[in-house]
Amino acid sequence: MAKKPMTKTDMIDVIAKTAGIPKTAAKASLESFVAMCRKEIKANRPFRVAGLGTFALKKTKARKGVNPATGEPIKIKAKKRMAFKPSSQVKELLNPNK
């Protein structure tokens, strides 16, 4: 069974406890951080969170694909997506034996 993902409320609780601040301040901090992330991605500016990784906007080209249900060829439109490149610390957490 998959683990339940951490929710915004969970994050606020952890931030408040570890920083020793009220939950209202933790909520404002988290919301400010998320707003900044959205603004940077919308402006196509990559940003790095030390100890976590780098977030950047990536564009995929239009391409041809196949509908798996019918086998018919389809056109897949170009689109933008958010990409994440983990920091060396995160890579070490994921693969400690390397």
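Sequential numbering from 1 along the given sequence is applied to the chain's residues. For the numbers below, each heavy atom of this structure counts, side chains included, while hydrogens, waters and symmetry mates do not.
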Query raised in the report: Can you say whether the rings of Phe33 and Phe47 are parallel (under 30°), tilted (30 to 60°) or perpendicular (over 60°)?
Result: perpendicular
**Report entry** Partners meeting side chain to side chain contact (heavy atoms under 4.5 Å, CB included) with Leu57 (sequence neighbours left out)
**Finding:** Ile41, Asn44, Lys80
Under 3.5 Å donor-acceptor pairs involving side-chain atoms of residues 12-20, not counting sequence neighbours:
from: Asp13; atom 1: OD1; to: Lys23; atom 2: NZ; distance (Å): 3.1
from: Thr18; atom 1: OG1; to: Val14; atom 2: O; distance (Å): 2.9
from: Thr18; atom 1: OG1; to: Ile15; atom 2: O; distance (Å): 3.4

Report task. Say whether, by atom type as modelled, one donor and one acceptor occur between the side chain of Thr60 and the main chain of Lys79 under 3.5 angstrom. Result -> yes
Requested in this report: Please name all residues satisfying side chain to side chain contact (heavy atoms under 4.5 Å, CB included) with Ala25, sequence neighbours left out, ordered by chain then number.
Outcome: Ile21, Pro22
Requested in this report: Tell me whether Val49 is reachable from Leu93 by hopping between hydrophobic residues (I, L, V, M, F, W, Y) whose side-chain heavy atoms are closer than 4.5 Å.
Outcome: no
Report task. Nearest 0.5 Å please: distance from the CD atom of Glu31 over to the NZ atom of Lys8. Result -> 3.5 Å
Report summary line: Residue pairs passing the salt bridge (charged side-chain N to carboxylate O under 4.0 Å, His left out) test with at least one member in residues 37-64, sequence neighbours excluded, are Glu40-Arg45
Report task. Please identify each residue that fulfils side-chain hydrogen bond (donor to acceptor under 3.5 Å, both in side chains) with Ser29, with sequence neighbours left out. Result -> none
Requested in this report: Return the set of residues passing side-chain hydrogen bond (donor to acceptor under 3.5 Å, both in side chains) with Ser88 (not counting sequence neighbours), or none when no residue passes.
Outcome: none
